[in-house]
Amino acid sequence: MAIDFTLNQRPVRYDGDPAMPLLWYLRDHARLTGTKFGCGIGYCGACTVHLDGAATRSCVVPMSAVGGRRVTTIEGLASDGRLHPVQQAWIEEDVAQCGYCQAGQIMAAVDLITRTPAPSDADIATLTNLCRCGTYPRIRRAIRRAAAQLNRTRR
Amino acid sequence: MSAVPDTRALSRRAFLGVSLSAAGGLLLALRSGAAGQETAAAGEALGAFIRIEPDGRIVIGARGCEIGQGVKTSLPMLIAEELDVPWPAVTVEQLPYGLVAARDPPGFTSLYGPQGAGGSTNIPDGWHDLRLAGARARWLLIQTAARVWETPPDRLTTREAHVVHPDGRTLGYAELAPRAAKLDLPAADLPLKARSEYRIIGQPTRVVDARDIVTGVAAYGIDAAIPSALTALIARCPYFDGEVASVDEAQARRVPGVRQVVRIPGPRPGAPLDRNLAAGVAVLADDFWSARKGREALRITWTRPSGAADSSAALERRATAALAASAKIARRDGNPDEARNAAARVVEAVYVMPLLAHATMEPPNALIDLKPKSALLIASLQSPGGASQMIHAMTGVARTDIEIRLPRVGGGFGRRLQNDFVAEAVLVAQAAGTPVKVMWTREDDLQNDFYRPFGLHQLRASLDAQGRLTSWAHRVAATPRKYRAAGMEDAADWVGCVDPDGFPAGCVASYLAEFVPVDFSIPRGWWRAPLPTFCAFAVESFLDEVALAAGTDPLTLRLDLLGAPRELPYRDHGGPTLHTGRLGGVLDSAAGAIGYGRKLPAGRGIGLASHFTHGGYVAHALEVAVSQAGALEVVRCVCAADVGEIVNPLGLEAQMMGATLDGLSTALELEITVRDGRIEQSNFPDYRLLRMGAAPDVEVHLLPSGFPPSGAGEMGIPSVAPALANAIFAATGQRIRRLPVGDQLKSPARAS
Ligand code: FES
Ligand code: FES
């Protein structure tokens with residue numbers, strides 16, 4: 001049975017194995033490789049995307065659960081070439097080292113800021129995405145910077 | 001945007017020194033004069049290159065493997081500095097692995113100089129040849145302008161990608177480039193800028209790929225694709241040196257999308273581990289998910305070699321017994337026995353270092369396309385030269401016909417100094433007769449690594465009646481790093497496990513460093529700052545234990561031992577000398593920054609440690625709080641670093657932060673254990689990397705010492721674990737002698 005859903009604002013149809021995790025659909029079929037594989041068991045967050053706007057670990061979401069929903073990946077975060085303030089803050093704070101975890105970190109951070117416009121360190125500490133390179137201090141700074149930026153533009 | 005010039009076309013043209021690029025711009029392939037590491041014969045190495053596009057864009061090639069250490073940014077900065085161009089005008093392009101045949105004498109020479117990532121050598125390697133590459137290109141442009149203006153070249157200067165005439169006229173580099181390309185390169189060395197003239201070196205500079213990374217378009221090895229390649233997952237024998245006893249692949253072949261199932265051989269028992277690590281069965285499919293389902297459907301039985309009965313517990317028993325056995329002496333000064341007999345007091349302790357996995361965030365992978373006379377490899381690598389040699393050895397394809405592209409790498413930490421995953425790709429491609437991308441899961445990664453060695457460090461110190469240190473003896477019983485490593489026959493077997501010239505060697509009259517090898521069949525490899533991380537915890541913890549016994553402050557003890565600033569011989573990587581003043585300098589700086597010596601409430605403590613690593617000097621000062629229940633919090637974390645000349649302070653700070661948190665993550669929780677011949681850990685829940693909530697901010701202090709740069713990727717990790725243990729002792733009186741800390745603070749030992 002075909003599965004219809006929205007991927008980065010475009011309607012798409014999938015009719016392969018409904019058990020295939022969304023991560024592998026994105027990477028191998030949609031060829032959107034910005035979403036990364038780190039553990040495959042929902043633990044590390046490298047594969048984080050937005051499902052109906054909420055940060056979700058795509059390696060443990062089967063395609064059968066995606067029907068009718070909105071999927072946004074790191075490639076779909078910027079609009080009309082304008083970076084999301086979180087992406088911009090990531091550049092300004094020079095967060096990335098190897099950069100492999102950062103798509104997942106950014107998707108998780110965008111969700112956090114959406115839910116919690118002025119996140120405290122305790123709020124930021126709820127993010128459980130792993131970074132093997134140890135970029136956490138700069139991630140914290142980038143989240144604070146992006147939150148401040150968004151609050152300015154909201155006013 | 002023009003593509004990176006084709007390697008092979010370039011290799012022909014490169015001998016001309018200068019030529020037009022495929023895109024019509026100026027390509028300056030610059031002889032660096034430095035012999036590349038590839039040089040089988042003493043051929044002249046060709047250095048980095050620069051392309052100036054007609055539109056004025058300055059394209060600079062990045063030759064290193066970008067594993068997160070920032071060399072794709074910092075190496076081109078060196079070239080741009082001497083070329084004298086504004087950094088925002090520079091576009092950085094990743095170079096492929098570059099190798100050219102040398103005729104006289106026959107062999108190979110590397111087109112771009114050293115390209116591997118290991119030992120923190122990229123910056124020190126490039127410090128001269130890459131700046132010279134920039135200076136030579138600038139020289140050609142000045143010569144060209146001199147001809148246009150009929151003015152002596154020594155009257156001309158440059159500024160921001162223009163040659164400047166004394167009367168104020170200027171000519172842009174882009175305008176000059178086509179004629180400059182026809183000139184011969186200068187043979188002699190050229191003068192390089194004085195530090196006061198730097199405009200790029202020393203400036204905080206952001207990661208060049210930052211925008212690509214945050215938009216998800218930066219390509220890593222795992223993202224590589226060619227249309228005809230199948231995806232392969234390999235079921236590997238879980239017992240080292242084991243074999244496939246039987247396999248039923250019928251179910252696997254019925255999985256939709258599965259195309260082939262092939263067997264691959266493992267290393268011969270006892271033979272060097274210079275290819276893949278394990279025998280196995282590969283499932284090739286249209287995509288990862290099908291390959292994984294196919295692999296799960298395999299029914300395999302494995303042989304159980306003798307190592308299948310081994311365990312970490314047995315290993316530790318063997319190591320403990322080995323500490324009493326006769327040892328090989330790595331260094332002996334004075335008379336340690338006499339000093340011990342004459343001692344007023346003897347201090348003794350044994351420290352335990354666990355096996356570790358690398359757990360790079362991007363698991364290993366390799367895409368390979370083998371043709372009868374050529375090969376293409378796209379993979380996340382740390383040693384492209386090693387991969388090239390391996391593919392040649394396994395396929396017979398001439399090394400100059402092996403194309404290796406270097407995408408960004410999702411972490412290295414020494415894991416990818418081994419190319420076992422490339423060997424697997426070759427074996428699968430050969431068996432299946434198709435281009436293939438071999439993928440690893442996290443479980444594959446944690447269970448098939450070249451692990452950081454396990455070892456016990458026994459330390460013994462003698463004090464005289466005045467509490468002065470009279471002898472220091474360090475005996476290591478460990479699983480040697482060189483175990484079945486190809487090409488290590490000539491190395492002493494303590495390489496990577498004993499640091500005979502490390503502090504306090506040369507600072508104590510009687511000194512002994514010894515090694516006892518311990519048998520173990522699990523492969524070992526290099527793990528970020530391999531020797532320093534293996535030794536620093538024991539040495540720097542024991543210094544605090546000696547200070548306690550001597551009734552001296554730990555910082556005072558270290559500074560007294562270091563004594564007057566001087567250079568001591570250091571024969572391992574990072575030598576030839578260790579500067580005691582620089583080591584004292586980082587200690588002082590870290591101690592000052594954290595307010596060492598200030599009064600703290602109960603349950604809090606400050607610990608210090610420092611280490612000399614690969615030519616760099618780093619100290620850590622940590623303040624911890626330990627609750628009654630044994631909950632540990634790192635309240636403050638200071639890192640002071642002297643790595644010589646600072647190329648990119650923003651990148652250097654990132655390396656120090658990252659290495660510090662790597663050190664903390666590893667010291668707190670990480671350990672690989674073996675039971676019944678198998679690795680017990682299988683994924684992140686049982687190999688628990690530090691997460692955001694437990695990661696402190698790291699206050700980084702960079703000391704501008706003006707010495708030549710040492711590199712920076714590894715220096716920030718070794719002193720973290722001992723600074724942590726020393727802080728825990730200061731807070732609680734409990735001495736941690738075994739890593740990881742784990743739940744030791746919560747155990748009944750706490751009460752004693
Ligand atoms: S790959 Fe999905 S959480 Fe790790
Ligand atoms: S930047 Fe390398 S894993 Fe996070």
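Hydrogens, waters and symmetry mates are skipped; everything else that's a heavy atom, side chains included, is used. Below, chains carry the letters A, B, ... as their sequence lines are ordered, and counting in each starts from 1.
- Ranked by heavy-atom pairs shorter than 4.5 Å toward chain B, the options Gln102(A), His84(A), Glu93(A), Lys36(A) are led by Lys36(A).
- Your options are Ile41(A), Ile106(A), Leu23(A), Leu77(A), and the one with the most heavy-atom pairs under 4.5 Å with chain B is Ile41(A).
- The contact between Tyr220(B) and chain A is made entirely by side chain atoms (from C-beta outward), counting heavy-atom distances below 4.5 Å.
- Each of Val217(B), Thr660(B), Leu661(B) has some count of heavy-atom pairs under 4.5 Å with chain A, and the biggest count is that of Leu661(B).
- Put simply, the side chain of Trp289(B) reaches to within 4.5 Å of the side chain of Asp17(A), judged on heavy atoms.
- Along residues 125-142 of chain A, the residues that come nearer than 4.5 angstrom to chain B, judged on non-hydrogen atoms, are Ala125(A), Leu127(A), Thr128(A), Leu130(A), Arg132(A), Cys133(A), Gly134(A), Tyr136(A), Pro137(A), Arg138(A), Ile139(A), Arg140(A) in order of number.
- Looking at Asn683(B), its side chain does come within 3.5 Å of a backbone N or O of Cys39(A) through a donor-acceptor pair.
- Atom CG of Asp223(B) is separated from atom CZ of Phe37(A) by 13.0 Å, given to the nearest 0.5 angstrom.
- In this structure, the portion of Thr205(B) lying under 4.5 Å from any heavy atom of chain A is its backbone and not its side chain.
- In this structure, Cys98(A) SG and Asp209(B) CG are separated by 12.0 Å, a value rounded to the nearest 0.5 Å.
- Closest approach of Ile124(A) and Met692(B) over heavy atoms only: O-CG, 3.5 Å.
- When Gly651(B), Gly70(B), Ser665(B), Ala225(B) are compared by the number of non-hydrogen pairs under 4.5 Å with chain A, Ala225(B) comes out ahead.
- If you measure heavy-atom distances from Arg206(B) to chain A, the contacts under 4.5 Å come from both the backbone and the side chain.
- A 4.5 Å side-chain heavy-atom check between Arg688(B) and Tyr43(A) finds at least one atom pair inside the cut-off.
- Closest approach of Met361(B) and Tyr100(A) over heavy atoms only: O-CE2, 3.3 Å.
- Once rounded to the nearest 0.5 Å, the distance linking CD1 of Ile213(B) with CD of Gln105(A) reads 12.5 Å.
- When all heavy atoms of His29(A) and Asp287(B) are compared, the closest pair comes out as NE2-OD2, 2.7 Å.
- Both the backbone and the side chain of Val207(B) come within less than 4.5 Å of a heavy atom of chain A.
- Within the 4.5 angstrom heavy-atom criterion, only backbone atoms of Pro696(B) (N, CA, C, O) approach chain A.
- When the heavy atoms of residues 437-445 of chain B are compared with those of chain A, the residues falling under 4.5 Å are Met439(B), Trp440(B), Thr441(B), Arg442(B), Glu443(B), listed by number.
- With a 4.5 angstrom heavy-atom cutoff, Glu75(A) touches chain B via backbone and side-chain atoms both.
- Only the backbone of Ile67(B) comes within less than 4.5 Å of a heavy atom in chain A; its side chain stays farther off.
- Between chain B and the residues Pro21(A), Gly34(A), Gly40(A), the most heavy-atom pairs under 4.5 angstrom are made by Pro21(A).
- Of the two parts of Lys72(B), neither the backbone nor the side chain holds a non-hydrogen atom closer than 4.5 Å to a non-hydrogen atom of chain A.
- When heavy atoms are compared at a cutoff of 4.5 Å, Ala218(B) approaches chain A solely by way of its backbone atoms N, CA, C and O.
- Of the atoms belonging to Ala78(A), not a single heavy atom falls under 4.5 Å from chain B.
- Gln87(A) is listed as a side-chain neighbour of Thr215(B), based on a closest heavy-atom distance under 4.5 Å.
- The candidate from Arg211(B), Met657(B), Lys293(B) with the greatest count of non-hydrogen atom pairs under 4.5 Å with chain A is Arg211(B).
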